[in-house]
Amino acid sequence: MPPMPHSVPPKRPSGLTRVQKQDLRNAMLFISPWIVGFVGLMAYPIVMSIYYSLCDFSVLQAPQFVGAANYRELASDDVFRRAMSNTFVYAAAAIPLGIVLAFIIAMLLNTGVKGMAVYRTIFFLPSLVPAIAMGILWLWIFNGKSGILNYLVQSASRPVGWATLGLLLISPLFLAWFLGRSLGDDGKLCRWGALAGAVAGFGLVGLGWKVGWIGSLTTLELNPPSWLSDTFWVKPAFILMSLWGTGHAVVIYLAGLQNVPVHLYEAADLDGANWWEKTRNVTVPMMSPVILFNGIMAIIGTFNFFAIPFVMAPGGQPARSAYFLAVNLFDNAFLYLRMGYASAMAWILFLIVFLLTMLAMKLSEKHVHYGGS
Amino acid sequence: MSIGRRLATTGLTILMVLGFWLMFRPDPAPADGKVHIRYWEKWTGFEEAAMRKVVERYNKSQDRVHVNYLAVSQVDQKMLLSTSGGNPPDVAGLWDYNVVVYADYNALRPLDDFCKRDGITADQYLPAYWNLCTHNNGIYALPTTPASVALHWNRKLFREAGLDPDRPPKTLEELDEMADKLIQRDRSGRIEVMGYLPAEPGWWNWGWGYFFGGSLWPGGDQVSAVSPENMRAFNWVKGYSDRYGSRDIQVFQSGFGNFSSPQNAFMAEQVAMVLQGVWMANYINNTNPSLDWDAAPFPHPADRPDLANSTPVGLDVLVIPAGAPHPEEAWDFIRFVQQQENMEFLCHEQWKHSPLSSVSEAFLANHRNKRIRLFQDLAASNNTFNTPRVGIWREWQDEMNSAFQKIWTSGEDPEDALEYVERRVQPKLARYLDNLERRRVAAAN
């Protein structure tokens, strides 16, 4: 096709025509409120926070330059280290779990079963709940005495007890079958294996009888913890709760899944690939840029985890086991009036997020496949 | 450019400029000819309404000043930012612990000259509360409503446990014995009612040492978290979690609702004895008026009768932020609140006792808290104590709370937990004091 004629006048030596200059001026004028807002409310505070991080600054008095003293103090601050370790533990569990769960949900929602639009909406709905409301809601879910989670765990006590008892009682049969089968095709060996398995199983049942497992399993009472006041269980509780908000990631994965070329699946079908092979060799590689994007968003989100612990675990209680970096930063800035120290903390936080993002980008070089490349 | 486009561009530009002008123009002078001052207060609900009535009284009492009263959440933080931004309110209602740090940072206007001129003196107030308004021999705040704290007990639960409902514990040893008799568990061993719980409501975790004759800060640059009295106090606290099982208590505690809700542990009759303030009668009245309760001084160790009538005291205060545009008018309003009639009206409406040394019999006789005389007497006792009057208190308090939780939930040895507090706070205190001194010297030069 021949090139289309166009009506753009030839450029003047300055590079812009009079009309273009006017348009540029008008455009700048109209976006000027945003520019003023960005410079005043974002760029200026960001630049000043670098300076404040080198100062003793209470907000109420002029900053006094102290060099790297804030950074030195951070290096030996137990509470900062504690907040950092809590944040890393939370991130290390919540990010991969969130990615995997969201991906699985997205794949299930992409199967085209009836009523899919409804399911998609249902999975997305929780991510629309404001963070504070979600915090209050989960306070009740995790309530040790009357929370629904502990109610479910306690209600499951008897079925779990009986199921475990059933497994124990059939263990002679199972072990006989398992050992017999695993010893290969030799009939004699198989018989001996089955016999040994049965003996081991009966031994297990006998032991269970002797030490009282069988009796206690029939009356099993699970004793779930008070999630948010137990120093061990509070972080798993937050990690569990983070999975509630995977709706955003699910929507992004769904959009990505729609774009995986169908011909790749057809080619895989021709090659005789099963579901797992297609997922591993087609879906995941084609979705890798989306997984990377969601991963980076999750890194940023988890390291800025603030509103929910601020509501659910004031002061990081119990005993600072739920004290996260962003909350520690807020406390220093606005409760302890140490804005300089908090600014130093903010820059360390930025550095961590930046390095982790770079690491993710670097690791992704070999594993992320872009359609156009 | 077409004429229509040009007109639209010009019109929108004018609109934008007008918008900016409207946003940033100075406030027009009020039409009533009065000086309008801004008063930010932290209260909500009935407490806010009580102060609103006082403000209305003031506005009607004269024709020179009009107070615009605004309830503000997190008022201390918002006052901090507005003061540093050069646009503070004329009057702010803060907590007593804010006074020291804001005074240290010159964020409050000293009130000494005003007090001297208008005859407001220390002897007009209970010493415990006057002390909370001053810092480094200067007056930086004046009271609104005070609080002292006492042991509240549930008479019905006492009767059910075979205890005399008219005889509260006098010593901590008696408290422990009664707590043992009052505990109730269900068939599976879960706690249903506790006699006493040092972690409920958990607002005075820092103060247990004082009930045993200890303190946290003797003044100067030394922290004294690890003292025999403090150790004894926190071992006593730990005794409860050891005796009744930390995990069982955690599950039990997690069933408690908010303080001001009917699910509050004391209102819901889950805890038979609780340390609470003068305000408690009002909340009982609102959430469980049929509760059969009474109040008495918190018990003291049997071997320390000199510590009878110990109570932590706290105070809500009025301040004039530095840079407030109308300090004279702000002072006029604060002075109005300090008049006995207005102060007693405010304290009556908020169900609290008076911070003044002179209290009318009518105030005590008509008060809705049946034990108001107890709280008034406790506030006047020699064994009142308050949070350390030092600018790093918020950090220090968080350290104390963390230490308390370590002892309470993880069974940590109190000596280790308190030593850790001392290790954390000591350098912070030294840095804070050094910093103040450096700034003082710089200002003097």
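In what follows, chains carry the letters A, B, and so on, assigned in the order in which the sequence lines appear, proteins first and then strands, with residues in each chain numbered from 1. All values below were derived from every heavy atom in this structure, side-chain atoms included, with hydrogens, water molecules and symmetry-related copies excluded. These numbers were taken from a predicted model, which means no experiment stands behind them.
With a 4.5 angstrom heavy-atom cutoff, B/Asn435 touches chain A only via side-chain atoms. Using a 4.5 Å cut-off between heavy atoms, B/Asp104 touches chain A through its backbone atoms (N, CA, C, O) alone. With a 4.5 angstrom heavy-atom cutoff, A/Asn223 touches chain B via backbone and side-chain atoms both. Both the backbone and the side chain of B/Glu399 come within contact range of chain A, judged by heavy atoms closer than 4.5 Å. Interface remark: A/Ser32 contributes side-chain atoms only to the contact with chain B (heavy atom separation under 4.5 Å). Only the backbone of B/Ile191 comes within less than 4.5 Å of a heavy atom in chain A; its side chain stays farther off. No part of B/Arg423 comes within reach of chain A, as not one of its non-hydrogen atoms sits under 4.5 angstrom from that chain. In this structure, chain A has heavy atoms under 4.5 Å from both the backbone and the side chain of B/Gln250. Residue contact with chain B, scored on non-hydrogen atoms closer than 4.5 Å, involves the side chain of A/Thr231 exclusively. For B/Phe404, no part lies under 4.5 angstrom from a heavy atom of chain A. Contacts of B/Arg247 with chain A are made by side-chain atoms alone, with heavy-atom separations under 4.5 Å and no backbone atom involved. Contact annotation for A/Pro224: only backbone heavy atoms (N, CA, C, O) come within less than 4.5 Å of a heavy atom of chain B. Neither the backbone nor the side chain of A/Ala69 comes within contact range of chain B; no heavy atom of the residue lies under 4.5 Å from a heavy atom of that chain. In this structure, no portion of B/Asn401 lies under 4.5 Å from any heavy atom of chain A. Neither the backbone nor the side chain of B/Ile392 comes within contact range of chain A; no heavy atoms are under 4.5 Å apart. In this structure, the portion of B/Leu81 lying under 4.5 Å from any heavy atom of chain A is its side chain and not its backbone.
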Derivation and outcome, side-chain contact (heavy atoms from CB on, under 4.5 Å), residues B/Gln77 and A/Leu335: CA-CA 8 Å; B/Gln77 289 166 36; A/Leu335 295 186; 3.3 Å; yes

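Between the CG atom in A/Asp230 and the OG atom in B/Ser246 there is a gap of 8.0 Å [rounded to 0.5 Å]. Summarising the geometry, atom OG belonging to A/Ser58 is positioned 10.0 Å from atom OH belonging to B/Tyr102; distances are rounded to the nearest 0.5 Å. How far OG1 of B/Thr409 is from CZ of A/Phe232: 14.0 Å, rounded to the nearest 0.5 Å.
A pairwise comparison of heavy atoms in A/Ser226 and B/Ser254 identifies OG-CB, 3.3 Å as the closest pair. In this structure, A/Asp77 and B/Arg424 approach most closely via the heavy-atom pair OD1-NH1, 2.8 Å. Smallest separation of non-hydrogen atoms from B/Ser84 and A/Val59: CB-O, 3.1 Å. Residues A/Arg320 and B/Gln405 share a closest heavy-atom pair of N-OE1, 4.4 Å.
Taking a 6.0 Å sphere around OH of A/Tyr51, one finds it holds more than 12 heavy atoms contributed by other residues, nucleotides or ligands. For A/Tyr151, the OH atom is loosely surrounded, since the number of other residues' heavy atoms within 6.0 Å does not exceed 12.
Inter-residue side-chain proximity for B/Gln270 and A/Lys145 is flagged as met; some heavy-atom pair is nearer than 4.5 Å. Taking 4.5 Å as the limit, some side-chain heavy atom of A/Leu29 sits within range of a side-chain heavy atom of B/Thr13. Using a 4.5 Å heavy-atom cutoff, the side chains of B/Leu80 and A/Leu337 are in contact. Using a 4.5 Å heavy-atom cutoff, the side chains of A/Phe334 and B/Asp76 are not in contact. Two residues are said to be in side-chain contact when any heavy atoms from C-beta on lie closer than 4.5 Å; A/Asp56 and B/Arg438 meet this criterion.
Per-residue heavy-atom pair counts under 4.5 Å with chain B were compared for A/Val79, A/Asn150, A/Leu228, A/Asn332, and the maximum is reached by A/Val79. Interface summary for chain B: among A/Gly316, A/Ser146, A/Pro225, the most heavy-atom pairs under 4.5 angstrom belong to A/Pro225.
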